[in-house]
Amino acid sequence: MANIKVPLIDLQLRYKKERKDLLKIIDDQLKLGNLVLTKEVSDFENRISKYQKQKFAVGLNSGTDALLMALWSLGIRKGDEVITTPKSFIATIGAIHHVGAIPKLVDIKDDLNMDENLIEEAITKKTKAIIPVHWTGRLCDMKKINSIAIKHKLIVIEDAAQSIGATKDNYMAGKYSSVACFSAHPLKNLNGIGDSGFLTTNNKKIRDVINLYRNHGLESRDNVAIFGLNSRLDSVNAVVLSYRLKSLRQNIKIRNKHINIYRNYFSKNERISIPTDKAGELNPYVMFITQCDKRDELQKYLQENGIQSMIYYGTPLHKHTAYKNYYGDVKNLPNVERICKRVLALPHHQYLKESDIHYVCKKIDSFYKKN
């Protein structure tokens with residue numbers, strides 16, 4: 001196996017750059033002797049709500065729990081149907097399943113997001129909510145999705161796990177939904193030092209009930225109002241996220257610059273498809289997912305030349321054993337099944353040099369000239 005020349009993941013390079021600051025931040029927090037639901041957590045929540053232009057934010061231990069609590073707080077229960085996409089991480093339909101609801105999948109467009117034009121035909125008398133997923137951070141057409149939801153009296157919850165920093169026509173995740181759910185997993189643009197997440201909302205009642213639910217349902221130390229969970233964002237992650245939030249816009253700018261190098265290089269190559277950014281969009285590109293001919297052979301060739309890549313993800317949600325065991329086979333999702341055979345994530349993060357991107361481009365070009 002070749003030595004890694006161009007890494008896909010930025011964690012080691014990020015730590016090298018941030019090490020001095022991070023160690024001081026963590027040390028200062030540990031010296032306080034209090035790590036649970038401290039002022040630092042509420043400070044981070046205030047920063048995030050301001051950044052996302054929402055009234056409230058709640059820090060949680062994962063983006064998965066954010067989805068679960070959003071569904072629960074909005075009254076989604078056993079037997080309800082929730083429309084979502086087959087192109088996501090398993091957590092999206094896992095959260096629906098765990099509140100007893102039924103995920104109903106609609107196909108995706110070539111930009112990897114759910115096809116909003118297919119939503120209405122999937123609505124039944126049991127449908128209670130829609131969960132659009134902003135895949136790789138690209139915002140779905142929330143104006144149209146929201147108008148469908150209003151027409152049919154449905155709830156909208158955004159799976160915004162990858163979309164911190166994204167904008168479309170001057171709106172951000174959360175503007176057209178009851179709750180937007182974010183992940184701060186280490187692979188995200190805004191990442192903690194372990195599992196972490198948060199949600200945003202403009203509804204105080206939702207904020208208050210989730211605040212209660214994330215902390216065992218405790219109104220006070222000896223008064224349990226409801227049976228809740230332990231899903232508190234810890235104070236160490238809160239201060240790390242507050243620190244990293246300061247550089248988020250600049251990191252997204254560099255990632256977009258790197259992707260534009262790929263776009264320009266392959267503008268006339270029909271064997272690799274680079275996602276197009278439409279006017280009015282700013283995409284944070286948590287992952288840079290291309291669609292490639294001979295995907296598996298290309299990935300092997302890149303690996304042999306020291307370039308990391310990732311199939312992210314190659315299996316649509318309805319093809320997983322867990323989904324089929326509970327909900328049976330789904331046969332009307334041709335676009336996602338076609339695209340999942342072609343997806344390949346390439347290195348693009350902010351700690352790469354432009355020469356690294358050019359090296360990747362040249363190796364891809366070399367592969368296609370031979371194949």
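These figures come from a predicted structure and were not determined experimentally.
A salt bridge links R338 to D110: at least one charged side-chain nitrogen sits closer than 4.0 Å to a carboxylate oxygen. A salt bridge does not link E297 with R271: none of the charged nitrogens is closer than 4.0 Å to a carboxylate oxygen. Remark: D28 engages K24 in a salt bridge, criterion side-chain N to carboxylate O under 4.0 Å. Look at D356 and K5 and you find no salt bridge, because none of the NZ, NE, NH1 or NH2 atoms lies under 4.0 Å from a carboxylate O. Ion pairing of R255 with D10 is present here, as a side-chain N (NZ or NE/NH1/NH2) and a carboxylate O approach within less than 4.0 Å. A salt bridge links D293 with R342; the closest basic N to acidic carboxylate O contact falls under 4.0 Å.
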Output, in order, the C-alpha distance, side-chain angles, deciding distance and verdict of side chain to side chain contact (heavy atoms under 4.5 Å, CB included) for L112 and R138. CA-CA 9 Å; L112 307 183; R138 184 186 305 276; over 6 Å; no
How far apart are the C-alpha atoms of D365 and K369, what are their side-chain angles, what is the distance that settles it, and do they pass the salt bridge (Lys or Arg N to Asp or Glu O under 4.0 Å) test? CA-CA 6 Å; D365 197 33; K369 285 180 180 178; 3.5 Å; yes
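A side-chain donor from one of E158 and S177 sits under 3.5 Å from a side-chain acceptor of the other. Under 3.5 Å, the side chains of D277 and N283 contain a donor-acceptor pair of N or O atoms. A donor atom on one side chain and an acceptor atom on the other are found under 3.5 Å apart for Y243 and D21. T136 and Y312 are not linked by any side-chain donor-acceptor pair at a separation below 3.5 angstrom, with hydrogens and angles left out of the test.
A donor-acceptor pair under 3.5 Å links the side-chain atoms of S49 to the main chain of E45, judged by distance alone. In terms of modelled atom types and a separation under 3.5 Å, the side chain of E281 and the main chain of K278 share a donor-acceptor contact. No donor-acceptor pair closer than 3.5 Å links the side chain of R207 to the backbone N or O of T200. Checking side-chain atoms of D115 against main-chain N and O of K109 turns up no donor-acceptor pair under 3.5 Å. One N or O on the side chain of N264 and one on the backbone of N260 form a donor-acceptor pair closer than 3.5 Å. Counting only distance, with no hydrogens or angles, the side chain of R232 and the backbone of N215 share no donor-acceptor pair below 3.5 Å. Within the 3.5 Å criterion, the main-chain N or O of V336 finds a donor-acceptor partner in the side chain of D107. The main-chain N or O of P275 is found under 3.5 Å from a side-chain atom of R263 such that the two form a donor-acceptor pair. A donor-acceptor pair is defined here as one N or O able to donate and one able to accept, closer than 3.5 Å; such a pair exists between the side chain of K87 and the backbone of Y313. Of the possible polar contacts, none joining the S73 side chain to the I206 backbone as a donor-acceptor pair under 3.5 Å is found.
Identified under the ring pair (Phe, Tyr, Trp, His ring centres under 6.0 Å) test for residues 138-183, with sequence neighbours left out: Y171-Y176, F182-F198.
Ring-centre distance between Y262 and H348: not below the 6.0 Å cut-off.
The aromatic rings of H97 and Y327 lie perpendicular to each other, with more than 60° between the two planes, well past the 30° mark. Between Y285 and F288, the angle of the ring planes goes over 60°, which puts this pair in the perpendicular group of the 30/60° scheme.
The number of heavy-atom neighbours closer than 6.0 Å to NZ of K104, taken from other residues, nucleotides and ligands shown, is 12 or below. More than 12 heavy atoms of other shown residues, nucleotides or ligands fall within 6.0 angstrom of atom NZ in K168. For N170, the CG atom is loosely surrounded, since the number of other residues' heavy atoms within 6.0 Å does not exceed 12.
Between V133 and T84, the closest side-chain pair of non-hydrogen atoms falls below 4.5 Å. Two residues are said to be in side-chain contact when any heavy atoms from C-beta on lie closer than 4.5 Å; T201 and V58 fail this criterion. For the pair I307/S309, no side-chain contact is recorded, criterion being any heavy-atom separation below 4.5 Å from C-beta on.
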